[in-house]
S.K.: 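First the structure, then my questions, so here it is.
Everything quoted here is computed from the prediction, not taken from an experiment. Labels below follow one simple rule: chain letters A, B, ... track the order of the sequence lines, proteins then strands, and each chain is numbered from 1.
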Amino acid sequence: MDDRRDLTLHINGQRHDIRLAARKTLADAIREDCGLTGTHTGCEHGVCGACTILVDGDPVRSCLMFAVQAEGRDIRTVEGLAERDNLHPLQQAFINHHALQCGFCTPGFLMLIIGALAREPDPSEAALVDLIASNMCRCTGYKNIIEAVRWFEGRRSEKGES
Amino acid sequence: MTAGGGVFGQSVGRLEDPALLRGTARFVDDIDLPGTLEIAFLRSPFAHARIGRIDCTAARAVPGVFAVYTLADLRPLLTGDHIFAGLPSPAYRLEVPRKVLADGEVVYVGEPVAAVLATSRYIAEDAAEQIDVEYDPLPVAADCRAALLDGAALAHGGLPHNLVAEFEVGYGPVVQVFSTAPHVFADDFSLHRGVAMSIECRGGIARYDPLEDRLTLWSSTQTPHAARRLLCDLLGKDDDLVRVIAPDVGGGFGPKLVFYCEDAVLAASAIAAGRPVKWIEDRREHFMATTQERDQYWAMEIACDDEARILGVRGSLIHDHGAYTARGVNIPQGAANCLTLPYNIAAYHLDIKLALTNKVPVTPIRGAGQPQGAFVMERLIDRVAAELGLDRAEVRRRNLVGPAQMPCEKPLRVRGGGAVILDSGDYPATQASALAAAGWHDFPARQKAAHAAGRHIGIGLANYVEATGRGPFEPVRVRIGGNGRIHVASGATAMGQSTNTMLAQIVAEQLGGDIANVTVTTGDSAAIERGMGGFNSRQAVIAGSSAHAAARAVREKALFVAGHLLEAAIEDLELVGPDVRIKGVAQKRIGLGAIARTLEGLPGYPLPGGAAPGLEAEESVIIDDMVYSNGTAVAEVAVDIETGAVEITRFTIAHDCGKLIHPQIVEGQIVGGIAHGIGNALFERMAFDEQAQPLTTNLGDYLLTGATEMPPIEIIHRQSPAAFNDLGIKGVGESGVIPTPAAVIAAIEDALSPFGVRIAQAPLSPPAIVDLIERANRAEIS
Amino acid sequence: MKPAPFTYHAPALLEDALAILGDTAQDDGRVLAGGQSLVPMMALRLAQPAHLVDIGRIDGLGDLIEDSAGLTIGALVRHQRFHAPAVEGVLGRLLRYVSSHIAHLPIRLRGTFCGSLANADPASEWCLVAATLNARMTARRRGETRVIAAADFFDGVMATALSPDEILTGVQIPHPLPGTKVGFYEFSRRAGDFALAMSLVSYRIEGGVVTDPRIGLGGVEEYPRRIAQAEEIVAGQPLESDVLERTAEATAAAIAPLVDHHTSAAYRRDLARIAVLRAFARAAQGEPADG
């Protein structure tokens, strides 16, 4: 009864043809069937946000979707942020501001922030804190993550990017 | 110490960051080996029960299931049933080691009973549901106080009682002090800490190579060498035949230093199955099967004179140990030892009893008993201040150990029997700087104005002195490769606290100053012969000291050999970047790699200057004395007295961890600790019902501090160099969490001062605050 | 925590979805919309539907339509749609403000308004909105459509009047009459958490007194509802503090509070009283929100 089917996922511009059970979560499919282990599972019930990825530009929790729901969608994960040797500016901001310690929650935060800021750039102080409250971190206390985002947003508006 | 590297003390970019940010780091679940089977554990649904028949027939028949193992199935591979992992102590009255899998009796909800191996975790979970176990429920020891009363339900059916350990800590003429003191105040404290909640749960993947009889276990552990030792003993294998590797670890916070049943089952299963076996803990398992901290009940008295000089502290502590000994008596020991550290208190006595309960074993979480000890001491001091009508900071000032007393020997012993010597620190100045930054002296006026506007705000402070740098050693080997690359290997283990960067900085400081030229290997039992790993804020002090010594030895050797090869005196040489060169004559130089190659030797040619082979050194600097960090935290809160909601509006901490290796990392550790401490003050409760059934087993029910709960934080650094290591450093990883609950609770009590509420518990929820106010109102009326 | 096996259906047409659900409902066939409530339950194996009918690919279910009668919210309208006010005026501002209390952005980008109603969590903000503003739910099964009034929709904790083979295809919220004031207050432990208590109030002032009061309470009982006893007290009265006190106390007295290991009945009643008072205070300011 384990409804198995063929599926094509488009992740970071690459095509993955896989075969899996309908009950397999998108998080597990990305990690196991597509070999992209940068997306992590911290709770599997949609609270910690470590599994956050972009689906059609929206930051969503990949543990709360089945892989079969994601066919035809444009999926982006942390592996798609850097371009070869060049880190994404947000990744560089995290380095500069010591916004990660163990790094397990970090991919989820990166995708959350990139997806959210693309929808609504230049958030207010309160809105930014509210956004960061979406995800859990046990190491950093969030302060440096927020400062990294402020630096990143400041740099983006300097460059006139939207 | 000045080797001119220019990296010690700088906030350099971390070695760990690029891979973590790119998603190319390897946590244990990212490791994929061909043919891997995944385990799901069947866990006890009862807190206490006898086990009869375990019928795995249906489970074994599920398509995709490879095997189902109980203890009976694994016994042929084991030298014994038990995991003997407790630290020694004369305090024990009962021996309660865990068995590799439950056998005949289960003693906590979540105890592993059987392991299902299948082609996927999904299928393994399906099959686990098909295992039929006969449970015969037994009476449950659900509360650590009740467990110590006559006639209490026994946590283990075969044991005579639940008192697993008891001991006393103290010094001085306690009885005399308390019988003659002008003032004696009593208070009872209920303290609860919850789970560690690393965002990465536990997990491991084991592979057995029958050709070489070698077992490799990748495990999300803080202590690979200890795990290796336990596996060698359990499996009856030589030291060299078992390797434990901690890959990238997504947070540890204490419980990952424990060796678990699941780790043993992974290893044995890999041998039994002849295929790699993986187990990744899920979040629900983490709440019920990973060790945690829980309840402590303190009944205390403090004696003082009319000037608020503390004459003595005494009392008793009951500590919930859980169902087995998985680590030791260190939490109550650490709590008992830390109470009187910051203050000159001539008489102290604490009676400690540890109770077995039918809950998952208790082992240290960040702070390891010191948050509880600091809480009790700071609340007692606030009590003295309140009763004598004095400023709380002033009472502390009168009692703090002063800088002229350093080094200050306390009449206490650490667990190995060594002395407790506060090595350095200016506690009064630390407190003063925190108070100044926090606006302590202006606060009464602000509070009055707020109250007039209908708002209840409060301020609280807490001091701490923290034992760090648990010895006796952590080996570090520094070796220069033939290409000039510096290789550092250590028994130290990283879990997010930037261990590799720390070691690279210390080594690079001696060897050219370029941390990009340093490769660090930690957390691998095969990389270095022995080690202890990460806990007790020890690795910067202990591993750092060995790294420093080893790097200096390599430096000296490099200069010695270079002196011979360049025909120069050592004083005329400098080490810059990858080269040793003659000062002022930059073209007369030789690379570290070339020196290393020279020391590989050529057949028939003597080594230069009679040097020994290899440009390397391994050091295990012995440091038995701990070094003591200190600090003062000040918290400001606003309390909604109708709902009981608490907002922490401001947080100030002045801390002293000796010299700073990397200021940004130090601050990150402190802020992370504060976030955890806020959780322990307001949110984190691992709740059980009267049958010891866990009630908070997901992140909706168990609350963690999120970004919106964090206050603005100001950190003031003081640097009193540590006396007992060359680098002058002290640990800092646990500093943020230790004073925070005390400071926050004190602030809440201050905010509620119009009601005369006294608070002696943590965590404190909104309904509990409303209840305290209502009871105070009723008491006033009656 | 992996879900149990199920057969997955992703029909392109609503008629097909209704047919499949009609065939599988007795086998615990369930609708998958946003999945933000259902999937965690499946991961914990608290729900083990044998069939999942994913309505996410059906055109037309994501419509948000305003007409003279009110705002009609289709089955696939996600929480975040209300962030840019879905409609002008006080209703749009209310829905925007309420939506900001629902979990966090990633949840709001997937979870649906109608899904929350069908799920009927006692602490669901949308359930409170629907109950207080007398929403009308359109439920469809194979060959049949019916409209259920909010007062008849909620049945208990996570229980509604929907039968297992029905899909909630839309919810209509009537336009508030001109001059309606609304106020919403929620108390939760942390931002985005489920409410321990929340209140939505709406009313008009005519001739200096309250008319058409609606006092809704959520998070405190098995399901959100209007508290008639409280509405009776404030109806026809001026909005003065002693009236509001009595109204709030009547609310606290009228409820059958949910109790759990960290929340007593007494505390829940306290919160109910406070929530009503604070919701009224916000309504009086002219904005559903605080400040």
S.K.: Non-hydrogen atoms of chain A under 4.5 Å away: do they reach the side chain of B:Q497, the backbone, both or neither?
M.R.: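 Interface part for B:Q497: neither.
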S.K.: Quick check on B:I678 against chain A: is it the side chain, the backbone, both or neither that has a heavy atom closer than 4.5 Å?
M.R.: neither
S.K.: Taking CZ in B:R26 as the centre, count heavy atoms belonging to other residues, nucleotides or ligands within less than 6.0 Å. Is the count above 12?
M.R.: no
S.K.: So which residue, A:A126, A:A50, A:G42, A:G103, ends up with the most heavy-atom pairs under 4.5 Å with chain B?
M.R.: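 Among A:A126, A:A50, A:G42, A:G103, the one with the most close pairs to chain B is A:G42.
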S.K.: Considering only heavy atoms, which portion of A:E79 lies under 4.5 Å from any heavy atom of chain B: side chain, backbone, both, or neither?
M.R.: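 Both parts, backbone and side chain.
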S.K.: Could you look at B:D126 and say if it's the side chain, the backbone, both or neither that has a heavy atom under 4.5 Å from chain A?
M.R.: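 The side chain, not the backbone.
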S.K.: Quick check on A:H98 against chain B: is it the side chain, the backbone, both or neither that has a heavy atom closer than 4.5 Å?
M.R.: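 Both backbone and side chain of A:H98 come within 4.5 Å of chain B.
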S.K.: How long is the span from the CG atom in A:N96 to the CZ atom in A:R155, to the nearest 0.5 Å?
M.R.: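 Going from CG on A:N96 over to CZ on A:R155, the span is 9.0 Å.
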S.K.: Is atom CD of A:E71 surrounded by more than 12 heavy atoms (other residues, nucleotides or ligands) closer than 6.0 Å?
M.R.: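 Yes, because the 6.0 Å sphere around CD of A:E71 holds more than 12 heavy atoms from other groups.
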S.K.: For chain A, which of B:G668, B:A675, B:G13 has the most heavy-atom pairs under 4.5 Å?
M.R.: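 Top option by heavy-atom pairs under 4.5 Å: B:G668.
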S.K.: Which bit of B:N698 comes within less than 4.5 Å of chain A, counting heavy atoms only: side chain, backbone, both or neither?
M.R.: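 B:N698 touches chain A through backbone and side-chain heavy atoms alike.
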S.K.: Give, as side chain, backbone, both or neither, the part of A:T140 having an atom under 4.5 angstrom from any heavy atom of chain B.
M.R.: backbone
S.K.: Checking heavy atoms, do the side chain of B:I123, its backbone, both or neither come under 4.5 Å from chain A?
M.R.: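 Both backbone and side chain of B:I123 come within 4.5 Å of chain A.
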S.K.: Do you know which of B:G64, B:A196, B:G700, B:P18 has the most heavy-atom pairs with chain A at a distance under 4.5 angstrom?
M.R.: B:A196
S.K.: Checking heavy atoms, do the side chain of B:R121, its backbone, both or neither come under 4.5 Å from chain A?
M.R.: neither
S.K.: If you count heavy-atom pairs under 4.5 Å with chain B, which of A:E32, A:H88, A:R23, A:K24 comes out on top?
M.R.: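 Result: the option with the highest number of such pairs is A:R23.
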S.K.: Any carboxylate oxygen within less than 4.0 angstrom of a Lys/Arg side-chain nitrogen, looking at A:R61 and A:E44?
M.R.: no
S.K.: Let me know which of A:I114, A:L110, A:N86 forms a side-chain contact (heavy atoms from CB on, under 4.5 Å) with A:Q91.
M.R.: A:L110
S.K.: Measure the CG-CD distance between B:L704 and B:E709 for me, rounded to the nearest 0.5 Å.
M.R.: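 Nearest 0.5 Å value for the CG-CD distance: 10.0 Å.
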S.K.: Measure B:R22 against the heavy atoms of chain A and call it side chain, backbone, both or neither at under 4.5 Å.
M.R.: both
S.K.: Top residue by heavy-atom pair count (under 4.5 Å) with chain B, among A:T106, A:T39, A:I95?
M.R.: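 Option with the greatest count: A:I95.
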S.K.: Which bit of B:Y122 comes within less than 4.5 Å of chain A, counting heavy atoms only: side chain, backbone, both or neither?
M.R.: both
S.K.: Check each atom of B:Q669 against the heavy atoms of chain A and say whether the ones under 4.5 Å are side chain, backbone, both or neither.
M.R.: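 Both parts, heavy atoms under 4.5 Å.
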S.K.: For chain A, find which of B:V249, B:I199, B:V671 contributes the most heavy-atom pairs closer than 4.5 angstrom.
M.R.: B:I199
S.K.: Using heavy-atom distances under 4.5 Å, tell me whether B:D30 contacts chain A through its side chain, its backbone, both, or neither.
M.R.: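 Both the backbone and the side chain of B:D30 come within 4.5 Å of chain A.
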S.K.: With a 4.5 angstrom heavy-atom cut-off, is it the side chain or the backbone of B:Q664 that approaches chain A, or both, or neither?
M.R.: both
S.K.: With respect to B:H676, which candidate in B:E734, B:M197, B:E684 satisfies the side-chain contact (heavy atoms from CB on, under 4.5 Å) definition?
M.R.: B:E684
S.K.: For A:G49 versus A:N135, what's the shortest heavy-atom pair and its separation?
M.R.: O-ND2, 3.2 Å
S.K.: Side chain, backbone, both or neither: which part of B:T708 has a non-hydrogen atom closer than 4.5 Å to chain A?
M.R.: both
S.K.: So A:N12 and A:R76, side-chain hydrogen bond (donor to acceptor under 3.5 Å, both in side chains) or not? Walk me through it.
M.R.: CA-CA 5 Å; A:N12 301 328; A:R76 285 189 75 201; 4.8 Å; no
S.K.: Flag the pair A:L100 / B:L21 as yes when at least one side-chain heavy-atom distance between them is below 4.5 Å, and no otherwise.
M.R.: yes
S.K.: Are A:F109 and A:Y142 packed together at the side-chain level, in the sense that at least one heavy-atom pair is separated by less than 4.5 angstrom?
M.R.: yes
S.K.: Decide side-chain hydrogen bond (donor to acceptor under 3.5 Å, both in side chains) for A:H97 and A:E147; before the verdict, give the C-alpha distance in whole Å, the side-chain angles of both, and the deciding distance to 0.1 Å.
M.R.: CA-CA 7 Å; A:H97 290 85; A:E147 286 175 16; 5.4 Å; no
